[in-house]
Amino acid sequence: MNLARIILVRAAYAAGLLIAVLVLNFSMMHLAPGDVADTIAQSMGGADAEVMAQIRADYGLDRPFVVQLGSYVLRVLQFDLGYSFFYNESVSGLILSRLPATLLLVITAQILAIFIGVVLGVISARRPNGMSSHFVTLLALFGYSAPVFWTGILLLIAFSLKIPLFPVAGMVDVRIEGGFFVKAADIAHHMVLPVITLASIFIALYSRLSRATMMEVLGSDYVRTAKAKGLTTREIVYKHALKNALSPVITLAGLQLSAVVSGAVLVETVFSWPGLGTLAFQSIIARDTPTILGILFFSALVVIVGNLLTDLALRLVDPRLRGRA
Amino acid sequence: MTDQTNPQETTPTARSPFSEALEMFLRNYAAVAGLAILILIALAAVFGPGLYGTDPFDMVWAPFSPPGADGFLLGTDYLGRDLMAALLHGARVSIVIGLAAAFMSVVIGVSIGALAGYYGGLIEEVLMRITEFFQVLPTLLFSMVIVALFGASLPMITFAIGIVSWTAVARITRSEFLRIRELEYVTASRASGASNGKLMFSVILPNALPPIIVQAALMVGSAILFEAGLSFLGLTDPNVVSWGQIIGSNRQYILDASYTVTIPGLAIFVTVLCISLVGDGLNDALNPKLRQR
């Protein structure tokens, strides 16, 4: 199969997954006690049965389930995710306004986690029984066992309250005025603790994996050949072996996308980071169903698209995968 | 005596797989220590609330009394409630939900993985697509939606955790079934007329169990973390105490009383750490071949 065809098949499959998410979303909304009419009636301070029936007819809630589902899917495909009565804003507008903050946090944290993880993995793979190796094992255990919101609060207590190095909450300090660089530096200052917290879950994972694959690669024939040619260890490790050890890490990073979103919800809540996670938390508290379902759909979209991109990136990096279905 | 000794004396005595696994497990000191601490935590959860007596919702003393002061071992929270009592009651909820959600995801995962791996073909295709679907749903958000829409009762929270956590078990079970169903002893029992159900659950499943058991142990830990996350966000039954919920409700007061957050977090951390140590030990004990690699 050629690459274009594979991309097409994958994209069609991703679209199918997305429709499935929509059906699930709608079914949950349908099954849950209370509907839009109840919400509107509540905001009007109550309504009698006749008005309720009128609202239900206006919003098409009296039509059969399948018809309602169809019109819901059509609306979402035009990126109309409904209206939030709590924020008095369209859900898609709300999501798009919060998206940049989340992307900034999540992407920075992932890059940091992959970088630190791979460096730790490579260092410990060169000495499988050394101190660094034990350190990676310990780190993996701690990274898995510590609740991420707790790690965040501990960092907050240590580095914002006891030693006031970093701000306690938010993304920008409104009192700071200045040009682009001043504002960027301010955001970077606010980002330090949330990024470290979110990365802490994944550093352990990546370091353990890259340690294992690096050890495997270092024992292979072509590395022995490179050694025989007289290359230095540094050249072998960073020019030859690392390339091959990276592709499992990329695969894993792609698989972690849904975990990253989950982690972001907790980390954003701890640090009041104004992204999608905080929005999800607030709309849960406010019982704002359209918003929370919109976020669920949108995050699934991000995960599906992210998986697609990971898949393509792997094919570009690893020539052995090209042309495989 | 001739030099033809009894062959039974020269060959090592055959030992049951169980005692062999137990010996491997006992050799892993970290796992044994983890198990010992887990037993202590479980005992504290079962007998602690009864022995300690104090109701975790009662306001017993002035707020923000630090640990050790005024006779309260772990101090009091922002409403003057005894933190020790909350921790003991919370242990019950966290552990019970952890076990129940892990059990649910093992049941779902093993059923789906077994059917997919055993039958193959269209059934496998459909079941693995469903598994992939659950893998792209952001787990925490999906559970948050379920709990928010259908109510924050303990069974609903358990369901919300279990329904998003079974995919790893399904994948492991499927790949084990794919491997084992081709083995000769399976063909032999098929030839002697065993039914599909019998082949799946009493011929293949017992041999597929070791990696599933290890995964199940780890699942209890991640379910406890998951429940802690949900209750930290306030998605919990307001009438019961859980570790995550103590942290969530006290986190505004970390300036006055950081111990109300650090101590319950430490409880979660130690419990999950011990569970993963035991999981590692089980892995060594049940898959001895992996150890030599």
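Proteins come first, then strands; the chains are lettered A, B, ... in the order of their sequence lines, and each starts at number 1. Just so you know, these numbers use all the heavy atoms, side chains as well, and skip hydrogens, waters and symmetry mates. Everything quoted here is computed from the prediction, not taken from an experiment.
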Open item on the list: Need one label for I275(B): side chain, backbone, both or neither, based on atoms under 4.5 Å from any heavy atom in chain A.
Closed with: neither

Task: L257(A), part contacting chain B, at a heavy-atom distance under 4.5 Å - done: neither

Open item on the list: Contact between L141(B) and S262(A) at the side-chain level, heavy atoms closer than 4.5 Å - yes or no?
Closed with: no

TODO: Quick one: list whatever passes ring pair (Phe, Tyr, Trp, His ring centres under 6.0 Å) with F26(A), sequence neighbours left out.
DONE: H30(A), F65(A), Y72(A)

- [ ] Identify which one of T271(B), V272(B), I268(B) satisfies the side chain to side chain contact (heavy atoms under 4.5 Å, CB included) criterion when paired with S145(A).
- [x] V272(B)

Open item on the list: Nearest 0.5 angstrom please: L18(A) CG to F133(B) CZ, how far?
Closed with: 9.5 Å

- [ ] Could you tell me whether the side chain of L273(B) reaches within less than 4.5 Å of the side chain of Y144(A), counting heavy atoms only?
- [x] no

Task: Candidate list L24(A), V261(A), V303(A), test side chain to side chain contact (heavy atoms under 4.5 Å, CB included), partner L137(B), passing option - done: L24(A)

Task: Region of S143(B) that comes under 4.5 Å of a non-hydrogen atom in chain A - done: neither

TODO: Among N25(A), L156(A), L296(A), single out the residue with the greatest number of heavy-atom pairs under 4.5 Å to chain B.
DONE: L296(A)

- [ ] Could you tell me whether the side chain of V136(B) reaches within less than 4.5 Å of the side chain of N307(A), counting heavy atoms only?
- [x] yes

TODO: For chain B, find its close neighbours in residues 147-154 of chain A: heavy-atom separation under 4.5 Å, sorted by number, or none.
DONE: P147(A), F149(A), W150(A), I153(A), L154(A)

Open item on the list: Tell me if the CZ atom of R208(A) is crowded by more than 12 foreign heavy atoms within 6.0 Å.
Closed with: no

Task: F232(B) versus chain A, the contacting section by heavy-atom distance below 4.5 Å - done: side chain

Task: Which atom of V265(A) lies closest to which atom of M144(B), heavy atoms considered - done: CG1-SD, 3.9 Å

Task: Value rounded to 0.5 Å, distance of CG in L140(B) from CG in L266(A) - done: 5.0 Å

Task: Interface moiety of I157(A) toward chain B, non-hydrogen atoms closer than 4.5 Å - done: side chain

- [ ] Please state whether the side chain, the backbone, both or neither of Y13(A) comes within less than 4.5 Å of a heavy atom of chain B.
- [x] side chain

Task: Atom pair CD (E132(B)) and CD1 (I304(A)), whose distance is rounded to the nearest 0.5 Å - done: 10.5 Å

TODO: Kindly give the heavy-atom pair with the smallest separation between M28(A) and I146(B), and that separation in Å.
DONE: SD-CG1, 4.2 Å

Task: Interatomic distance, L293(A) atom CG to L149(B) atom CG [nearest 0.5 angstrom] - done: 6.0 Å

Donor-acceptor contacts under 3.5 Å from residues 211-221 of chain B side chains, at least two apart:
none

Task: Any residue of residues 269-276 of chain A which, by heavy atoms, sits under 4.5 Å from chain B - done: T269(A), V270(A)

Open item on the list: As an exercise: rank I292(A), V260(A), V21(A) by heavy-atom pairs under 4.5 Å with chain B and give me the winner.
Closed with: V21(A)

